[in-house]
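Written below as structure tokens is the structure these notes are about.
Residue numbers begin at 1 in each chain, while the letters A, B, ... track the order of the sequences.
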Amino acid sequence: MLLKVSDLRVSYRTDEGIVRAVEGVSFTLERRKTLAVVGESGSGKSTLALAIIGLLPRSVEVEGSIRFLDMELTGMKEEEIRKLRGDRITIVFQEPMTALNPVFTVGRFMKDIYLTHREGSEEDALSLAMEWLGKVKVPGPEKVLNSYPHELSGGMRQRVLIAASLMLEPDLVLMDEPTSALDVSVQAQILRLIAELKSQVSASFIFITHNLGVAAAVGDEIAVMYAGKLVELASKRNLFEEPLHPYTKGLMKAVPRIRGGGVEPIPGSVPSLVNPPKGCRFHPRCPIADERCREEEPELREIRPGHWVACHKVG
Amino acid sequence: MLRLELDPATRRTLRRATKNRNIRVGGAIVAIFVLMGLLAPFISPYDPTQGNLRDSLLPPCRKYPFGTDFAGRDILSRVIWGARTSLIVSTVSVFIAVIAGVIVGGLSAYVGGWLDEVVTRIMDIMLSFPDILLALFVAAIVGPGLENVIVAVALYNFPQFVRIMRGSALQVKEMEYVEAAKAIGESNASIFVRYLLPNSLAPIVVHATLRTAASILTAAGLSFLGLGVQPPIPEWGQMMSDARTYLVTAPHVWVFPGIALFVTVLGFNLLGDGLNDVLNPRTEV
Amino acid sequence: MSDLARYVVRRILLAIPTLLGVSVIVFLMIHMLPGDPAQLLAPPEATIQEVEIIRRRLGLDKPLWEQYLIFMSNAMKGEFGKSLFTGHTVSELLWPAYLNTLTLSVLAMGFGLVIGVLMGIYAALRPNTVRDQAVTSLSLFGISMPVFWLGLILIEIFSVWLRILPSGGSGTPRHLILPSLTLGLVGAAYVGRATRASMLEVLSQEYVRTAKAYGLPDRLVIYVYALRNALIPVITVAGLIFGYMMAGAVLTETVFSFPGLGRLIVNAIFARDYPIVQAGILVVATTFVAINTAVDILYAFINPRIRLG
């Protein structure tokens, strides 16, 4: 087992009150597997990624346990987790346009990553960077290496970041909506590239997306988050063959399909994380909610081997 | 009794303004400065221009809390009256610059074309005289004196307000509601007053406050050099102009007007910063 | 031609009309003064005949545009005629004073940049804490400080009390310390404010988060990745402040009896020695425009994005 997250809770203070962005999330991730985390914005999925890689501001409280390679990441000293970042755990962010330093070339950035984590010369760094730019299929790796970010398209920058994330052969790669800011055609290319690279490296992936279709394209397992909680967790096959949680079902109806079938958005919106609804957090939007759902919070239960769901109306 | 009906946004801004520490401290200093200037004849213990030569260069004492200058004049009274001079010079010159800047900048943006081109060029040229140099240049032409300092400082402020007004007018000009107003035949003057001016108000208020601080410094600088307000009118910069003579013997001669000048400028800068925080929330951290 | 070269050329060309405008205004000064220019440029005791001779010699009987061309062609050669009273040519007086002011401003800028940038970073790294508030207040104090008053205070401390530095004059490097410190402290206040604001902005940028996310050490993230970006706007501010210092030197030089350009201009204004006033103001304004142009060009070198625009 590479990663074991148990009862993870993330909260921070705002003027409106305490925001509980992640509430009691648990899951495990095996080597070479991909977990796709699906949820609307405000579901806490990005916060989850930032908590794992230790990038949340100091004022944010992280409780529970994140075990990674026999290390406990919560409460780890900044200097220790810094050494893991970029080396053992990497992340690709949503916005390729702003994620690269405008005043440095791509080569400079990749070289700095290498020299931070490896003993080696600048030449080693640049040749490895070049090799990986080739693997992510940028046209003319050498030219890209000497380019400034503004000289590259969004898709090209995202390829650069993917190359940077894989260059040092990490154990865990977090991808936080890596295609959402891109044009649809570029999105498809990048997704194909990620799928292809996955089979070439030994890393595990956590892929965060609001799009169930994208999750299906890359995930081995799929976790559905709602208002800071994990509501359903299953293998891709199980989830798509038999979604159990009403929210998951709603998401599936909301996915646009190429052939027929209208989109049915889920009525209502994600509740406030300062004052979440009592009972099941989804009950105000749930078509089948009853009295119990309004009062009692459902636990995440294993309904079938490997298929977990948090709903009173299931099983 | 008349009760002001304010819309919620204005009320929120006001509430934030009263809570802002910079506005409170700066506002208090500015209020004291303004009161000092207005009430100078009533609160100053002595005549600021009449001295008693037998009391020349006395250090601070019971009779003269801030001491006396070479002519035996009470420095406290001169500091109080100096506030009046600074108040007149800074407010009048900033006021002139704001009015002229709003008209020229607004027209330049609204009419556009060659007029805008010419105005922008001229402002670039004026802004090529850094800081006090433009005021110095004007003072060299028009000579010293209270009115001339006002002209010099107004001219030094003028291009700043043209820029601000032009910038915000350019923004509003393209807005749909202005297009709509034009389409239904609203007059240019009415569009100017109803749309362009209100939109520019916040930056102009903030900038006018900050420029008042700069103007007080510039006017005092000119007077310090001897090119500004002339004796016997009490003025803080001018009071310090022969300070070098009294460095060792009578530092109180230049210390007190300096404190007054520094604190007043600080007050306007604090107020300006605070207003900027409240009126332009995007700059908040 | 590369983007960069094109940009540099365009930016230099852009400065020319501004400089021409400045020269026209400075040239017109003598005609804006109340009274007859020939009379103003003649020694006070000159007779009517002598004034006429001066009028012809200086070309003041020619049309205005012709006078301007003469003025400009002389100015290009660095010639501004003769001082009306001292018997020296203007350039004899101008250039040594200019050099003094330039030295003073460069030193002050050095002080200002070093202190200001360090203060700004120091504050921005811990926003809204006591140390940030201390720096913010100090900068505001500096900006509100009358530069001549600050000079007097420093003289009182270092020359009158401690007796370790001269209170005025020139000739040795020690004479430069207090004037440049005075100007530099005010400059530091502006630079500090600009650096803090810009650093705060940059530290919240995604590329800084990316750098952290890849484990780059703090000193690399802050002093290289963030600072390099944060200094871009600071450079513009620094250019403005440099001009500010050249002009503000008028006051500082007066306080310290320092024989610089500002002092020369002010004395010339008192003496109504107009050729010196004109030349002095033209030189300061030209330097200011030149520095701002240089800053914009430097900007393009540091910030690769601007070369496109």
Tell me if the OH atom of C:Tyr122 is crowded by more than 12 foreign heavy atoms within 6.0 Å. no
Checking C:Val22 against chain B: side chain, backbone, both or neither under 4.5 Å from a heavy atom? both
Nearest-0.5 Å distance that lies between atom CG in C:Leu251 and atom CE in B:Met240: 10.5 Å
Sub-4.5 Å heavy-atom contacts with chain B: which residues of residues 186-195 of chain C show up? C:Arg193
Is C:Phe288 in contact with chain B via its backbone, its side chain, both, or neither, using a 4.5 Å heavy-atom distance? side chain
Pick one of side chain, backbone, both or neither for B:Ile122, based on which atoms fall under 4.5 Å of a heavy atom in chain C. neither
So for C:Leu140, is it side chain, backbone, both, or neither that comes closer than 4.5 Å to the heavy atoms of chain B? both
Against chain C, work out which of B:Leu225, B:Leu133, B:Ile132 has the most heavy-atom pairs shorter than 4.5 Å and name it. B:Leu225
Heavy-atom distance under 4.5 Å to chain C: side chain of B:Ala213, backbone, both or neither? neither
Answer with side chain, backbone, both or neither: which region of C:Val26 has an atom nearer than 4.5 Å to a non-hydrogen atom of chain B? both
Against chain B, work out which of C:Thr254, C:Ile143, C:Ile281, C:Val24 has the most heavy-atom pairs shorter than 4.5 Å and name it. C:Ile281
Correct closest heavy-atom pair for C:Trp149 and B:Ile259 would be CZ2-N, 3.4 Å
Which one, C:Val277, C:Asn292, C:Thr286, C:Ile153, leads in non-hydrogen pairs under 4.5 Å with chain B? C:Ile153
Looking at C:Val250, C:Val147, C:Val255, which one forms a side chain to side chain contact (heavy atoms under 4.5 Å, CB included) with B:Phe224? C:Val255
Per-residue contact mode, C:Ser137 against chain B (heavy atom under 4.5 angstrom): neither
Is chain B contacted by the side chain of C:Ile30, its backbone, both, or neither, given a heavy-atom distance below 4.5 Å? neither
Between B:Arg121 and C:Leu14, the two heavy atoms sitting closest are NH2-CD1, 4.3 Å
Toward chain B, the part of C:Phe242 with a non-hydrogen atom under 4.5 Å: neither
Using a 4.5 Å cut-off on heavy atoms from C-beta on, say whether the side chain of B:Phe129 contacts that of C:Val284. no
Closest contact, heavy atoms only, B:Pro130 versus C:Ala247: O-CB, 3.4 Å
Considering residues, nucleotides and ligands other than C:Arg209, do more than 12 of their heavy atoms fall under 6.0 Å from its CZ? yes
Can I get a per-line list of side-chain donor-acceptor pairs under 3.5 Å for residues 261-272 of chain B, giving both atom names and the distance, sequence neighbours left out?
unit_1   : atom_1 : unit_2   : atom_2 : d
B:Thr264 : OG1    : B:Ala260 : O      : 2.7
B:Asn269 : ND2    : C:Ser144 : OG     : 2.9

Look up atom CG in B:Leu127 and atom OG1 in C:Thr18, then write down how far apart they are to the nearest 0.5 Å. 10.0 Å
Flag the pair C:Gln278 / B:Phe137 as yes when at least one side-chain heavy-atom distance between them is below 4.5 Å, and no otherwise. no
Sort B:Asp273 into side chain, backbone, both or neither according to what part of it lies under 4.5 angstrom from a heavy atom of chain C. side chain
Is the number of heavy atoms from other residues, nucleotides or ligands within 6.0 Å of CZ (C:Arg131) greater than 12? yes
So, the part of C:Leu240 with a heavy atom under 4.5 Å from chain B: the answer is neither
Between OG on residue B:Ser128 and CG on residue C:Leu19, distance to nearest 0.5 Å: 7.0 Å
Do other residues, nucleotides or ligands put more than 12 heavy atoms under 6.0 Å from the CZ atom of B:Arg163? no
